[in-house]
Protein chains: 2
Amino acid sequence: MAQRKATAEAGKSKATKGAANDAAPKDRRRERGEASIQRIIDATIELIAEEGLASVTMQRIAEHVGSSNALVVFHFRSKENLFRAVLQYLSDQYDALWVTLVRAPGLSPVERVLGAVDCAQRFARLHPKWVSVFVVFSSDRKSMQIYNEIGLPSDLAYTAEARDLLIEIARDGGYTGVDIDTLAESLNYLVHGAWYWDHLNPSSRDTDVLRKTMLLLLHQAFPRHFELE
Amino acid sequence: MAQRKATAEAGKSKATKGAANDAAPKDRRRERGEASIQRIIDATIELIAEEGLASVTMQRIAEHVGSSNALVVFHFRSKENLFRAVLQYLSDQYDALWVTLVRAPGLSPVERVLGAVDCAQRFARLHPKWVSVFVVFSSDRKSMQIYNEIGLPSDLAYTAEARDLLIEIARDGGYTGVDIDTLAESLNYLVHGAWYWDHLNPSSRDTDVLRKTMLLLLHQAFPRHFELE
DNA sequence: TGACGACAATGGCGCAACGCAAAGCCACCG
DNA sequence: CGGTGGCTTTGCGTTGCGCCATTGTCGTCA
């Protein structure tokens, strides 16, 4: 579900008189502010991916953006809030890709499953740093709380959605004796394993192992619906 | 290779005059010291697994052990050194299990591969906290440097060893057209994916997905040598 | 058009936490 | 009984977060 676009509103709790103002105010100040917010988020992603959570401080983020640390505190009220916004942003990005590749209208269940495979692979190829941020966030127990709120529910939803598609394929294709749950969980393991391992050992990136193995498992389960390439 | 047993010696650079002293000195003080070292390592593992790297401090470790923080500094000269010792300890533990299950004399290549599967699964089941520590260490870029020195070489060696076993099986079994490299890499992905995912989402632990899927892939590649159970 | 108000952004400060080094204490070995 | 070695106490220096007063910038209303 392409949820909230709340990202930009993150830090502002000021009462703007509730007047409906979203439409008109072609305001250069507001534009500048939102641009700053995005630049801060981008810088944070960059820093986390490159140096890890531990060495990321407000002043370094500010330095990387080219502003003072107080600006960061101004837009996001605290460090934790900033991290929350970052994870929300990345989650939304993944969601957008998933919607495009999996939920596009007119696709067959088989095509949707292939779309899901594509989604995992493309995301990792296009934005390795984003994947790194996901991994970093979900490792440390403290930041993991944030991940549990924002990232994990989506993750579980994607796995469940894929599982439903597999069930549909099994039913319509007349397959019996296929252990759908194990298969879905395996695909999940593979995706996260690939992401984690690539983050850990970037040199081995960009081989086609993930895709090949997933197709192998799918072919093994539904030979008439998934061809090996 | 069951490398160094240097763990206990980690923090001491004091010149003990080079005199060979490893044998005799049945010294209660020394025993106490080594017990302290082990307790510190255990406490550190516990804390990292439960709270993450960020919130682990020297004083918390000391508090958890029931001593002053300076004791920790005394045994390991710095925080980084302590972490290095912890990772070394865990690495040695895994190595011991691997040697038992994979390199035991008299095993056939097939049994060795099954032993490797067992190894990954048992380690995660017996010591989930140890796995968590591995994951935590290899995520943050800073601690990752330590992991790259101590953990990663072993990891790569295990994968390579498994790959060699698969090659041997393929050769002796007369299999052709099996993509060994992809298979070995897939098993690697699965292991790390399972570890990472279980660390991330502990509630789903202890299903048999990892084993089932690995056996499925092995059966698919070498049907006469690996049976589905 | 000029003054006001909202909003973006700055620099600096206080407080707390942490790592680490120095010096002394005390048990135990020879 | 001298001294080695494990362990504690104390305190210093550094670093980071978050708040404050303030400045600069741009719409808006008289």
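From a predicted model like this one, the values you see are computed outputs, not experimental measurements. We name chains A, B, ... by the order of the sequence lines, and we start the count at 1 in each one.
If you measure from atom NZ of B:Lys142 to atom P of C:dG19, you get 12 Å, rounded to the nearest angstrom. Rounded to an integer number of Å, the gap from A:Leu53 CG to D:dG16 C1' is 15 Å. If you take CE of A:Met58 and C1' of D:dC19, they are 12 Å apart, rounded to a whole angstrom. At whole-Å resolution of the value, CZ in B:Arg77 and C1' in D:dG6 are 18 Å apart. Atom CZ in B:Arg32 sits about 10 Å away from atom C1' in C:dC28, given to the nearest Å. One can place CD of A:Glu31 at 12 Å from P of C:dA9, the figure rounded to the nearest angstrom. Atom CG in B:Asn69 sits about 10 Å away from atom C1' in D:dT10, given to the nearest Å. Taking atom CD of residue A:Glu34 and atom P of nucleotide C:dA9, one finds them 11 Å apart after rounding to whole Å.
OP1 or OP2 of D:dC7 lies within a sub-4.0 Å distance of a side-chain N or O belonging to B:His75. A close approach under 4.0 Å does not occur between any side-chain nitrogen or oxygen of B:Gln59 and OP1 or OP2 of C:dA17. A sub-4.0 Å separation between OP1 or OP2 of C:dA8 and a side-chain N or O of A:Ser36 is absent.
In this structure, B:Arg163 does not pair ionically with B:Glu185, as no charged nitrogen and carboxylate oxygen lie closer than 4.0 Å.
Side-chain rings of A:Trp195 and A:Phe123 approach one another, their centers coming within less than 6.0 Å.
Heavy atoms of B:Thr57 sit under 4.0 angstrom from primed sugar atoms or phosphate atoms, though from no base atom.
Looking at heavy atoms from C-beta onward, B:Ser186 lies in side-chain contact with A:Val209 at the 4.5 angstrom threshold.
When each of D:dG18, C:dG11, C:dA9 is scored by its nearest atom to the side-chain atoms of A:Ala70, the top-ranked nucleotide is C:dG11. If you check D:dT8, C:dC20, C:dA8 against the side chain of B:Ser68, the one that comes closest is D:dT8. Residue A:Leu71 places its side chain closer to C:dA8 than to any other of C:dA8, C:dC20, D:dC19.
At a cut-off of 3.5 Å, with distance as the only test, a side-chain donor of A:Tyr196 or B:Ser138 sits close to an acceptor on the other residue.
Heavy-atom contacts from other residues, nucleotides or ligands closer than 6.0 Å to NZ of B:Lys79 number more than 12.
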